[in-house]
Asker: 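Please see the structure below; I have some questions.
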Amino acid sequence: MSGDIILRAEGLKRSFVTRKPLFGPATVVQAVDGVDLSILKGETFAIVGESGCGKSTLARLLVRLIDPSEGSVWYDGADIAQLPPEALRALRSDLQFIFQDPFSSLNPQMTVGALIEEPLITHGIGDKDERRARVDDLLTRIGLTPAHADRYPHEFSGGQRQRVGIARALATGPKVIIGDEPVSALDVSIQAQVVNILEDLKEAFGLTLVVIAHDLAVIRHMADRVAVMYLGEIVEVAPAEGLFTAPRHPYTETLLAAIPIARVGPRRAKARIEGDLPNPTAPPPGCRFHTRCSHAQDRCKTERPTLRDLTGRQVACHFAETLDLTGLTGGDAARSPSARARFALYRAARAQEGGITASEKTDSSTKETLS
Amino acid sequence: MLAFLGRRILIAIPTIILISIFVFGMQKLLPGDPVLVMAGEDRNPEVMEFLREKYRLNDPIPVQYFTWIGNALQGDLGISLRTQQPVTELIGEKLPVTIQLAIMALIIALSIGIPAGVLSAYKKGTWVDWIANLVALSGLSIPNFWLGIMLILLVSVNLGWLPASGYRPLTDDPLQSILTMLMPAFVLGTGLAATLMRHTRSAMLGVLRSDYVRTARAKGLSEQVVLIKHALRNALVPIVTVTTLLFGELLAGAVLTEQIFTIPGFGKLIVDAVFNRDYAVVQGIVLCTGIAFIAMNILADAAYRVLSPRMKDA
Amino acid sequence: ADLRIGLQEDPDVLDPDQSRTFVGRIVYASLCDKLVDITPELVIVPQLASGWSWSDDGLELTMTLRDGVTFHDGTPFNAEAVIANVDRSQNMDESRRKSELSSITGAEAVDDLTVKFTLGAPDATLLAQLADRAGMMVSPTAASEAGVDFGLNPVCSGPFKFVERVQQDRIVLEKFAEYWNADSINFDKVLFLPIPDTTVRLANLRSGDLDMLERLAATDVTSVKEDGSLQMEQAVSLGYQGITVNVANTDRAANPLGENSAVRRALSLAIDRSVINQVVFEGAFAAGNQPFPPTSPWYNKDFPVPGRDIEAAKALLEEAGFPDGVTVEVQVPNNPVQMQLMQVVQAMAAEAGINIELLAKEFATLLSDQSAGAYTASQVGWSGRVDPDGNIHQFMTTDGGINDSHYSNAEVDGLLNSARVSNDMATRKKDYDAALAILQEDMPIIYLYHQAWIWALDEKVQGFVPYPDGMIRLEGVSLSE
Amino acid sequence: MNLNAPLLDVRDLSIQVAGVRPPLVDRISFSLRAGQTLCIVGESGCGKSLTSLALMGLLQTPPLSIAGGTAQFAGRDLLTMTRRELGQVRGDRMAMIFQEPMSSLNPSLKIGEQIAEAVRRHKGVSREAARARALEMLERVRIPAAAKRLDAYPHELSGGMRQRAMIAMALANDPELLIADEPTTALDVTIQAQILDLMRDLQAETGAAMILITHDLGVVAEMADQVAVMYAGRIVETGPVAQVFDDPQHPYTIGLMSSMPSLGARSDRLVTIPGVVPQAAAMPDGCRFSTRCPFRTPICDNVPPLTSLGNEHEVACFHAPLEQTPKLRVVGA
Amino acid sequence: MTDANATLAPRTPSRFWRKMRASKSASLGAVIVAFFVFIALAAPILPVPGPTETDWGAVRKAPSAAHLFGTDEIGRDVLSRMIWGAQASLLAGVVSVLIAVALGVPLGMLSGYLRGWTDAVISRFTEALLAAPFLILAIALAAFLGPSLSNAMIAIGLSAMPLFIRLARAQTMSVMTEDYVESARAIGLGHFSLIRKYILPNIFPPILVQSTLTIATAIIAEASLSFLGLGQQPPAPSWGSMLNVAKNFLEQAHWMAMWPGIAIFLVVLGFNLLGDGLRDALDPRDL
Ligand SMILES: Nc1ncnc2c1ncn2[C@@H]1O[C@H](COP(=O)(O)OP(=O)(O)OP(=O)(O)O)[C@@H](O)[C@H]1O
Ligand SMILES: Nc1ncnc2c1ncn2[C@@H]1O[C@H](COP(=O)(O)OP(=O)(O)OP(=O)(O)O)[C@@H](O)[C@H]1O
Ligand SMILES: [Mg+2]
Ligand SMILES: [Mg+2]
Ligand code: NI
């Protein structure tokens, strides 16, 4: 992999104390357990993984919303884990975050307009009118209207709130956006709009995106590279295409197998994982996935695999080279002929309307560039 | 939690010393001469000078302070200039009275104020809300002396149900003791109930709209459980703050009520002591109430951690 | 039977040699006998001393003592005990009785029950002093054991002995069986309960939680009178209330009121004393213009209580050079009655062009400001003494201990000093009259009224006799069934 | 009662917000038999959550209120039940999984307690039994170290775990009707698959009916018997899942489905539906989608009725089926 | 999509005023408060006898045509004294609360926001203030500052301050745990803005409640201070001192306590209703 590294994590660890009894040792969750990452300028980097494996924690660490227990995060040549508060604050206009929970992360006392305008004020961008215009513009882009600016978060639906969070992150024109499930609460049409916006921005300004998402279709669509996490560790990092078509870690394979397909009928493969989920406060020794891995051998129970370079990717599995794993095949042959015909009609109608087709990148809602 | 408490108690010691310096200094700044008060109708200069020497009132103030604190650390808080009674003994005499009154008043205040506040928030805008508010605010505006005297006139003089005033130690006759203190506790309690009610109402209004209250309702829980277990619990932070402060104030500040019901507690003692410039007594009581306030603050901080588990991480 | 008495305040230390409060004396009346006592008419009568005689030169006082008296701790009462008591009063460092007994230079036991006091100079006031705290006999054994802490557990020879005291709550005394006059004592126990609020004190009496109370508020007199289950007794006190003017105490005296006696007289004339008595005290007290009440034999009848005369007051002001009126500041203790009084005075004075600015102060501040001369005028009073000297000498003589106005007039000094050494009533009266005549002119204190002690009692209480000294003497008092 | 009678029958349900004339939810009707799953899909903000809250009797009133309609649940109208009666039904026979797992969990109560109390309330079991049930439920929703998590506070859990705790809470009493408002959006696909399995198992065991609100058309395809597509407060298309997926009729449904990223090789750009949903007050009187519809004609100024195309497939569009619409030109100036 | 929906989404300030106007309690509160403010200001021109005019013939007379509210212990017209006392009482109530809030809330927020040693220092300071008897403070201030209403307000303000410090601190700590505070940090918001926009509005309700309650305490406290030589000196009227005096005539002249009591009640009610309205208007979740 070439290109400039914009964000780099080294040996990041973060633990939480969940219970501290009067006597005896505290119970500790290693939410993130030794993560090394390099994110390249301009790429879209996705993090996927089992719920609770530490994705949100990792994302928070990357922008130092929480302090790491160990390790360092480098942005632009500086270790942001060591940065003084002032410098860190200035940095935040470059480094934005979209929160997983859209409601609790919006101040109930502020209107949506004020919430979106706030980062602009904070970083001294524009005068009052410019900011107002920009807020209106942002609202429009995310599929709301300028009139929504005066409403309060609780008056919005879940998806609408999520979009407010996205608009907020976009406001300062950041260089890196870290999105903690930025589109999962959105319906597919809005999701499509937002994904398009993000891609346009990427194209226009070399925005770097780090996305956490559960919807692998979206990830496949957006991501350049994907990291798969399991129990606080990264088990595989690979270019999206490669990861989806030819996974090299058994957990990745399991994930892919579980993707629901928008076609009526039962799921494609019933490759459900067996065994209980391991306890994160007492992770299994050796390979953390061995308790649920159908390919596990004795070695996996004792020896902990490290992330190894494999052509074009990194995998943490002792048998990465030898295992024969299945990825995703085929596109959306899923759709019925009549449905496909309707889709074509629809596209045609929109084209005729003077609108845009999927191949011409001039979606009306993203026509203007964000600057 | 234990570590937290331990740490807080350790910090409390310098705080108490700080408080005692503060109060000592303030007292010494007051106009008025304790010896002049003590001398009374016979202002014999020789005697006055002797008393000044005896109580070391001629020493520089820091020296006076260190003498006092030195003795205090050995458990000697000095004697009352007015009655010559040792201050420790005095405190031992008054503390149970004061605490009993404060606790009874607080119980009354809590048992009126919180349910009223919950109800009024729940029924916001209805007549129930209006009545609860009007009653609470009149509880606040009716002066304690007025309520006190009216109660005495009604309950003791006309009906003869309860003794008009005085104090019976709890150890003497628990029932009688509680009965005697019922009226003053009620008078104090109603005043505080108003404050608690208004805070409860306000906090509940905020919480009642939250999603988790909706969740609780979705579980089919009875309104009572929803209100108390889910809503009230999350509304408790300001209530706890106010309650702990009020309790602290009850210990020291129930002067008027103590006066009217002739309850020999801290409030009256400290007022008399200040008026007589009986500095050892003032210091002694301040020490006590200071400890009480610190204890209350520790308690409040501990309660916050229980009530709002996230505060621990902050 | 028990008797419960409501007091207005909590007494201070219960050591006759150290105490200073009026309520303390009420407790002593049951706890500690004195060498002599007074009648309601202020005649001095025997108590522990069965008789006494003066030498002709007035320098020796010989007292015979009552036989068979013992202190509560069993120590016998005799000449030695008296001598020890005098010694304690005079020589204990903390004693507040020193000046009261300063005339005694020696005391000797003539025999077991006779004691002879030698005086440095004739002292007309001595017997009266011995009728009060200075004459209270405490057990020498207990006193020497307890020293200054005697007050925590006082031992005297009165009708009741000390049981316990809880500050601000109660003082409990119980009958002393060996009391020399035990037959006239009808109670097993006396409880003194300090209840500062007058309304509450009365409510306690009404509800039956008290049997009697002292210092009923004047405003409650009517309602008590109307209440068939209560009785009321009163006696005009020995003291007075007035406005003490700073005439020479530091430079704060430099103001029209302090510098000019005409202004003081004008103020006095502007005040309608009988209206004050009506408005503030419902007519229960006595208007006054001298240190003694008009009923007192020592009252100077040449200067009756003046009526209000605004014109005269204005004229005086004009004459003094203040035709446009004056402004004076008066400090007043922060109790409601005194404040009410002074607001009435304020309103009256204003009509004569004397603009009074009131300054409420809590008592300790007021007292220290007053003694330090940091005041212009001060509304204070005096609880009164049996002997006239006690009401005037220390206030008006140049070196008087409580002369906070720093009034100084050699003629007055001479008259008052000579009045205290004569044992002849007529001579003394002449001196006082002369002094009072001067004081009416100079007016360092503007006397306003004489308080009346008012007791309210349950109808069951029999045989209570009001005394002008405000004490509660329990001999002969009983509860009817 | 007839076995075939619907468990839930919603007729003409409308929901209003104070001060705004056009209802936020406009006369929607659907019915559901025991054992059936109805999936509601639609534009974010179209009123899906409001509909489910209304059924639970949990609308925030004021400002929201029910403007009309009925909702028969097992023969009784949910919308007219007293608070008491609702309390009997809610959490027991009928349960809901809320969309926002963080704010919907009580921050000061432990997870275990929050689950157990629903059990205690309706099943009248002991504290221990309820706790055991809570543990069982946490295990069923695959929360790792479930026994420990019983005593965790919501903020100590990851987003997905909170979501699962919510699910556990709703399922704890084996409800007859489960309303799930985006129950799996915060979950990774493996857990999602397990949870969906779990819900299906429950359905199989208890014959529960389920309303599933989701954006994930894959989930719809997998779970639904019936699908209702909502747009701006109205149901624009409804029918058996196969019908709607294989033969989408309404322009909005079509637009929605074509916006879905495919799992195939990366395509360049996603298709979108241009424009935004109008604000409530600016809502067109006729077809609400007409402001964004490429097929609109003047007739769309009237309210299109939900018309049946057979096979229980109904659509609210004057132009359906689209192939028969002669001209696909932009109408109006 | 440009024509905004006027009913649902008005600009923020107008929304606030609309809600204030629409609120029954706020309007009633405003009317009550305005009434008393008017009386306080208009006292000199109202047709009542002077507040210090005495009538020895009419001491403690019950309400009558001549004296609508009766007369006081030295024959002054109670109605007039009520009217003239309004100014001092309102000032004492409002200004001292303002002082307490202005000092207490920032300190409390700082304490809860920064935690650590700042919290320790401020908390210890608060504890010391709480433990020091009010009386001592008042007497000392009276001695050093002299009698004036403003000094009394300072004394009351100082003594009410600890409560506000504690309240603000606790609420701040509680708000600090909210996710939206983290989101504010994520956009790089400075301390000042964070406190102003995120913390202050969210800790506001209990502070508001306490302020409206403390007004009552302050009005009554002014009287005890004037007794200690701080504050309004006689014969100038204030409701508190009227109440204080009335204490001794509860049986003989109950109206002396009744009127000031009612006035204080009404003022406190007015402020509380206004506070409720304000609270509702400021809370976007309330309609
Ligand atoms: N309290 C409220 N006041 C005013 N409008 C509200 C209120 N609550 C919801 N709305 C509006 O009602 C509409 C429907 O909201 P709802 O929450 O039902 O949407 P939804 O379909 O669940 O969307 P999502 O998929 O994004 O959760 C939205 O446009 C929303 O803005
Ligand atoms: N404040 C906290 N206290 C205790 N444990 C915590 C805390 N925050 C997170 N954890 C634990 O850390 C682990 C990782 O949490 P995290 O939120 O990073 O997961 P995630 O990968 O984002 O999951 P999801 O996809 O479900 O959001 C979980 O086991 C969680 O319980
Ligand atoms: Mg997460
Ligand atoms: Mg929703
Ligand atoms: Ni149409």
Side-chain angles (χ1 to χ4, degrees), chain A residues 59-60 63-66 85-123 136 139-140 143-155 164-165 168-169 171-172 174 178 180, chain E residues 1-19 113-116 171-172 174-208 278-287:
Chain A
R60 280 177 155 76
V63 291
R64 202 174 156 211
L65 280 173
I66 51 178
E86 280 310 312
L88 188 65
R89 226 179 297 144
L91 200 78
R92 299 243 186 250
S93 81
D94 285 356
L95 220 59
Q96 284 286 351
F97 198 85
I98 302 170
F99 284 84
Q100 181 171 13
D101 194 316
F103 190 44
S104 58
S105 59
L106 298 176
N107 183 356
Q109 299 281 348
M110 287 167 77
T111 61
V112 158
L115 281 165
I116 299 175
E117 190 182 359
E118 190 168 41
L120 299 172
I121 301 174
T122 306
H123 297 288
D136 290 354
L139 281 170
T140 319
L144 296 173
T145 66
H148 281 112
D150 282 319
R151 290 166 65 178
Y152 288 89
H154 74 278
E155 292 168 312
V164 173
R168 212 172 178 219
T172 53
I178 301 188
D180 194 353
Chain E
M1 288 304 108
T2 42
D3 65 324
N5 170 354
T7 41
L8 192 71
R11 291 284 162 197
T12 319
S14 68
R15 177 189 183 111
F16 171 79
W17 286 114
R18 182 177 56 76
K19 283 173 84 173
Y113 181 76
L114 295 177
R115 306 292 290 266
Q171 291 305 111
T172 304
S174 168
V175 170
M176 287 289 284
T177 65
E178 300 286 347
D179 286 353
Y180 53 78
V181 173
E182 188 179 30
S183 85
R185 287 200 290 125
I187 62 163
L189 209 63
H191 293 302
F192 183 73
S193 310
L194 186 66
I195 288 181
R196 191 169 61 85
K197 287 190 185 159
Y198 283 72
I199 300 187
L200 197 56
N202 286 298
I203 69 168
F204 196 63
I207 305 278
L208 194 65
L278 197 62
R279 177 192 191 293
D280 290 349
L282 287 176
D283 185 349
R285 278 167 298 184
D286 191 280
L287 220 120

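Naming convention: chains lettered A, B, ... in sequence-line order (proteins, then strands); numbering from 1 in each chain.
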Asker: Any idea which heavy atoms bring E/Asn202 and A/Pro108 closest together, and the distance?
Answerer: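 Answer, listing the atom of E/Asn202 first, then A/Pro108: OD1-CG, 4.0 Å.
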Asker: Any donor-acceptor pair under 3.5 Å linking the side chain of A/Arg92 with the backbone of E/Leu189?
Answerer: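 No: the side chain of A/Arg92 does not pair with the backbone of E/Leu189.
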Asker: Is chain E contacted by the side chain of A/Glu86, its backbone, both, or neither, given a heavy-atom distance below 4.5 Å?
Answerer: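 Answer is neither: A/Glu86 stays 4.5 Å or more from chain E.
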Asker: What's the spacing between E/Leu194 CG and A/Asn107 CG if we round to 0.5 Å?
Answerer: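 Interatomic distance, E/Leu194 CG to A/Asn107 CG, rounded to 0.5 Å: 9.5 Å.
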Asker: With a 4.5 angstrom heavy-atom cut-off, could you sort out which part of A/Leu106 is near chain E: side chain, backbone, both or neither?
Answerer: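 Contact with chain E is through the backbone of A/Leu106 alone.
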Asker: If you count heavy-atom pairs within less than 4.5 Å of chain E, which of A/Met110, A/Arg168, A/Glu118 leads?
Answerer: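 Option with the greatest count: A/Glu118.
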Asker: Please assess A/Phe99 against E/Glu182 for the test side-chain contact (heavy atoms from CB on, under 4.5 Å), listing each intermediate value before the final yes or no.
Answerer: CA-CA 10 Å; A/Phe99 284 84; E/Glu182 188 179 30; 3.7 Å; yes
Asker: Kindly give the heavy-atom pair with the smallest separation between A/Gln96 and E/Ile187, and that separation in Å.
Answerer: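 Distance-wise, the nearest heavy atoms are OE1-CG2, 3.6 Å.
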Asker: What closest approach, in Å, do E/Ser183 and A/Ser105 show between heavy atoms, and which atom pair accounts for it?
Answerer: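 It is OG-O, 2.8 Å.
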Asker: Please classify the contact of A/Ile178 with chain E as side chain, backbone, both or neither, using a heavy-atom distance under 4.5 Å.
Answerer: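 For A/Ile178, neither part sits under 4.5 Å from chain E.
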Asker: Distance from E/Lys197 atom NZ to A/Ile121 atom CD1, nearest 0.5 Å?
Answerer: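 It comes to 4.0 Å.
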Asker: Given the options A/Pro174, A/Pro153, A/Ser104, which has more heavy-atom pairs under 4.5 Å with chain E than any of the others?
Answerer: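 Top count of heavy-atom pairs under 4.5 Å with chain E: A/Ser104.
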Asker: Flag the one option from E/Val175, E/Asp179, E/Val181 with the top tally of heavy-atom pairs under 4.5 Å to chain A.
Answerer: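 With the most close heavy-atom pairs to chain A, the winner is E/Asp179.
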